[in-house]
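A short write-up of the structure that comes next.
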Number of protein chains: 2
Amino acid sequence: MTQASTPTLVTVAERAGVSRQTVSNVLNSPEIVRPDTRERVLRAIDELGYRTNVVARQLRTRRSFLLGLRMPPAADGISGQVLDRFLHALTEEAQGSGLRIMLFAAADDEAEIREYENLRTTTGIDGFVLTATHSGDTRTRWLSDHDIPFATFGRPWDPEPAGRAAEASAEGVPPKPGHHAWVDIDGRAGTRAATRHLLDAGHRRIAFLGWPEGSGVGDDRHAGWLAAYEEAGLEHAVVQRAEDGVAEGTAAANRALADPGVTALVCVSDSIALGALEAVRELARSEPDRAPVAITGFDDTPVAGAVGLTSVAQPIDQVAARIVEQLRAQIDGRPEDVPDHQVLIEPRLVVRTTSRTEHRR
Amino acid sequence: MTQASTPTLVTVAERAGVSRQTVSNVLNSPEIVRPDTRERVLRAIDELGYRTNVVARQLRTRRSFLLGLRMPPAADGISGQVLDRFLHALTEEAQGSGLRIMLFAAADDEAEIREYENLRTTTGIDGFVLTATHSGDTRTRWLSDHDIPFATFGRPWDPEPAGRAAEASAEGVPPKPGHHAWVDIDGRAGTRAATRHLLDAGHRRIAFLGWPEGSGVGDDRHAGWLAAYEEAGLEHAVVQRAEDGVAEGTAAANRALADPGVTALVCVSDSIALGALEAVRELARSEPDRAPVAITGFDDTPVAGAVGLTSVAQPIDQVAARIVEQLRAQIDGRPEDVPDHQVLIEPRLVVRTTSRTEHRR
DNA sequence: GTGAAAGCGCTAACAA
DNA sequence: TTGTTAGCGCTTTCAC
């Protein structure tokens with residue numbers, strides 16, 4: 001009766017002439033085993049091609065080394081690309097740390113929370129990665145309350161809920177508003193760099209093309225433009241707002257360029273910037289005498305590179321790495337080992353042709 | 001001693017006053033259990049909030065209901081978006097069929113195969129979804145040889161390996177070259193529709209801007225352009241080839257437009273088409289008298305919608321649905337229940353402004 | 001340092 | 001129809 005099936009701990013143990021848990025020890029606490037025994041066991045493992053069955057281990061240890069991620073609804077915009085890259089980096093980074101990514105779908109936050117519970121009790125998932133945090137996000141609260149490891153790509157955008165925190169601590173519940181692990185890109189720093197870059201080139205009236213007020217990400221980027229102006233001791237110029245999209249960008253740019261003094265546009269996204277590019281081209285055609293208008297985008301999507309758009313690049317790889325790091329520490333029960341629980345990563349300005357027009361007062 | 005921990009089959013059994021096995025039966029073969037017992041058990045399940053532990057079940061049944069998917073290297077091009085959408089549709093579709101998607105990373109096909117083996121013996125993954133099939137693909141062969149369920153998004157692009165097939169059958173190995181489950185978009189039909197659309201509008205010299213010869217997908221799309229010309233009984237015009245990319249598209253378009261008779265461009269991808277759009281605009285500026293040039297792209301990416309590019313839309317949702325269907329059948333051991341083992345899905349031409357220029361001979 | 005026993009939660013086979 | 005027995009492959013006490 002040949003042992004044709006895949007080898008188990010017992011198979012290895014028999015071969016090495018030891019007991020089953022000695023093999024287990026060699027695998028999990030090698031330092032506890034005498035060197036020569038260890039050597040013998042390792043050889044048997046190698047000869048048999050033994051691979052540990054993680055399902056069995058999971059049943060025993062209740063740890064799956066699985067991370068759940070909701071596959072967010074396909075973004076219409078060009079900016080959806082960012083998520084794609086994040087997913088890729090995350091998969092790679094997780095794999096490097098012995099974790100796996102499991103995808104799931106959910107229609108909305110409420111459904112997502114239901115799925116957390118489901119995946120947790122059902123497949124024993126160890127933790128979750130959240131994207132697209134927004135103000136009034138109920139997911140982080142739920143996960144915190146249930147002591148489930150998680151980290152978010154994106155800050156908590158809520159204002160500090162002083163009222164609730166006070167109330168909660170009165171009831172003895174630890175107030176932890178937004179005190180979860182998160183990693184985010186410093187959008188403010190990004191647009192500030194872009195705006196400075198344009199100010200340095202001599203531009204004085206730089207319009208900001210943003211999203212409607214109220215989105216955390218959008219407001220953050222707007223703040224960077226403001227900051228650059230304040231730091232330069234200048235008065236800020238025009239702001240135009242629009243939903244994300246190329247056509248919307250064209251319209252917003254046209255409104256901004258109605259002011260004849262405007263010589264540059266800082267855009268909240270590459271989609272908007274692409275639309276602005278269109279508007280600027282049209283302007284160059286209709287008013288050949290007007291000074292060339294510089295443009296910067298945000299996200300550094302492939303299209304930006306393609307059309308020569310100066311843009312703010314998000315170091316997605318870093319984001320993924322830190323998220324995995326934080327999650328791994330939480331899962332291993334040593335969250336204190338990761339000093340930076342909440343990480344803001346500085347983006348990088350990638351200068352291309354659309355901002356290369358020098359201006360002097 | 002309260003039962004604070006999550007309920008198990010035993011907990012439910014005790015509550016319902018039956019044996020563990022009966023509860024299991026209620027869950028897995030309800031028709032075998034007497035209605036009133038079933039009712040009682042179900043009530044207990046409900047009251048206790050019991051959820052079956054899939055890990056334990058998996059250990060016993062050796063089935064994980066997990067599908068593996070390699071997260072492909074982030075595509076630089078705009079066309080990468082297609083994959084993003086596929087991933088989303090796949091996740092949703094799989095979830096609807098009780099399957100989950102697990103991601104993994106691999107540097108190349110060889111590493112991917114190693115990971116198949118790894119995931120298989122380690123986490124007991126049930127099957128794999130492959131993307132980006134290409135000629136000389138070793139992955140499908142390996143999976144077939146190991147009897148591992150899988151389905152590919154993309155046809156096998158190899159020529160029928162007559163020699164090897166003959167040799168294999170001589171040795172008694174069933175020759176199954178490319179006889180695995182696959183779903184693909186009919187690229188040929190797509191470009192054919194695009195070309196016809198332009199021919200119907202009166203265009204006669206329609207250039208094809210393609211990728212370098214040798215890629216299955218690219219050649220397939222090229223074939224559609226040829227077919228439309230042949231069906232129309234006309235002689236085909238210019239072909240220009242370039243690597244995928246916006247700048248490359250501009251260059252190729254310029255080469256094609258050097259022929260003054262060319263009035264339309266059928267492009268192999270949206271990236272190329274976007275570049276072509278740029279070239280056509282420039283041309284309109286430099287040679288205002290030349291007839292407007294129509295353009296079509298391929299993939300119907302968000303950018304296409306944004307700039308008004310006529311493009312061929314891939315029904316990704318359908319692809320995902322069929323793939324899950326096939327995989328589910330294989331996993332359940334009833335592959336014969338899915339009649340169409342190999343599915344070619346017809347894409348849809350989305351007409352926008354870039355092809356709206358009417359031409360008469 | 002090593003081994004024996006127990007059990008994670010479930011289902012497949014058989015017996016009652 | 002229902003219950004009993006056994007075991008999936010692993011790790012965690014606890015003796016030795």
Side-chain angles (χ1 to χ4, degrees), chain A residues 3-42 44-45 48-65 98 120-126 332-333, chain B residues 3-42 44-45 48-66 120-126 332-333:
Chain A
Q3 190 70 29
S5 54
T6 51
T8 76
L9 271 193
V10 199
T11 331
V12 176
E14 279 168 1
R15 175 112 181 187
V18 296
S19 84
R20 188 170 56 187
Q21 33 302 337
T22 303
V23 182
S24 175
N25 282 336
V26 169
L27 260 25
N28 300 311
S29 342
E31 70 284 357
I32 229 80
V33 179
R34 209 183 333 142
D36 58 325
T37 330
R38 193 196 311 155
E39 196 50 52
R40 199 149 32 100
V41 170
L42 285 175
I45 287 179
L48 262 40
Y50 167 82
R51 315 282 342 251
T52 124
N53 179 328
V54 303
V55 178
R57 178 206 285 159
Q58 186 183 344
L59 179 58
R60 189 65 241 245
T61 61
R62 338 238 76 186
R63 311 190 47 223
S64 62
F65 299 102
R120 185 73 174 170
T121 62
T122 259
T123 72
I125 260 192
D126 278 343
D332 292 350
Chain B
Q3 189 72 28
S5 55
T6 51
T8 76
L9 272 194
V10 203
T11 332
V12 176
E14 279 167 1
R15 175 111 180 189
V18 296
S19 85
R20 186 171 59 187
Q21 186 51 30
T22 305
V23 182
S24 175
N25 281 337
V26 169
L27 259 26
N28 300 311
S29 343
E31 70 282 359
I32 230 79
V33 178
R34 200 172 352 129
D36 57 325
T37 330
R38 195 195 312 156
E39 196 48 53
R40 198 151 31 99
V41 171
L42 285 175
I45 287 179
L48 262 41
Y50 167 82
R51 314 283 339 254
T52 125
N53 179 328
V54 303
V55 177
R57 179 206 282 160
Q58 185 182 345
L59 179 59
R60 187 69 242 242
T61 62
R62 340 245 66 200
R63 309 186 55 220
S64 60
F65 300 101
L66 236 51
R120 187 72 174 170
T121 62
T122 258
T123 72
I125 259 192
D126 278 344
D332 292 349

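Source: prediction; values computed, not measured. Numbers restart at 1 for each chain; the letters A, B, ... are given by sequence-line order, proteins then strands.
In this view, A/Arg15 and A/Glu47 satisfy the salt bridge (charged side-chain N to carboxylate O under 4.0 Å, His left out) rule, not counting sequence neighbours. Checked against side chain to side chain contact (heavy atoms under 4.5 Å, CB included), A/Arg60 has no partners two or more places apart in sequence or in another chain. Residues satisfying the salt bridge (charged side-chain N to carboxylate O under 4.0 Å, His left out) test with B/Arg63, not counting sequence neighbours, are B/Asp332. Scanning for side chain to side chain donor-acceptor pair (under 3.5 Å) contacts around A/Arg62 gives an empty result, with sequence neighbours left out. Taking A/Arg20 as the reference, nothing meets the side chain to side chain donor-acceptor pair (under 3.5 Å) condition, with sequence neighbours excluded. Looking at residues two or more places apart in sequence or on another chain, you find a side chain to side chain contact (heavy atoms under 4.5 Å, CB included) between B/Arg120 and B/Ile148, B/Pro149.
When the local axes at the two ends of the helix from C/dG1-D/dC16 to C/dA16-D/dT1 are compared, using 5 base pairs at each end, they differ in direction by 40° after rounding to 10°.
First and last contacts of DNA chain C with chain B, using any nucleotide atom under 4.0 Å from a protein heavy atom and ordered 5' to 3', fall at C/dG9 to C/dA13. First and last contacting nucleotides of DNA chain D toward chain B (any atom under 4.0 angstrom from a heavy atom, 5' to 3' order): D/dT1 to D/dG9.
Annotation: proximity of residues 34-42 of chain B to DNA chain D (heavy atom, distance under 4.0 Å) is found for B/Arg34, B/Thr37, numbered in ascending order. At a non-hydrogen distance threshold of 4.0 Å, A/Val18, A/Ser19, A/Arg20, A/Gln21, A/Thr22 from residues 16-29 of chain A come into contact with DNA chain C.
Screening residues 26-37 of chain B for salt bridge (Lys or Arg N to Asp or Glu O under 4.0 Å) gives B/Arg34-B/Asp36 as the qualifying pairs, with residues at least two apart or on separate chains.
Residues A/Thr122 and B/Thr52 fail the side-chain proximity criterion, which asks for heavy atoms closer than 4.5 Å.
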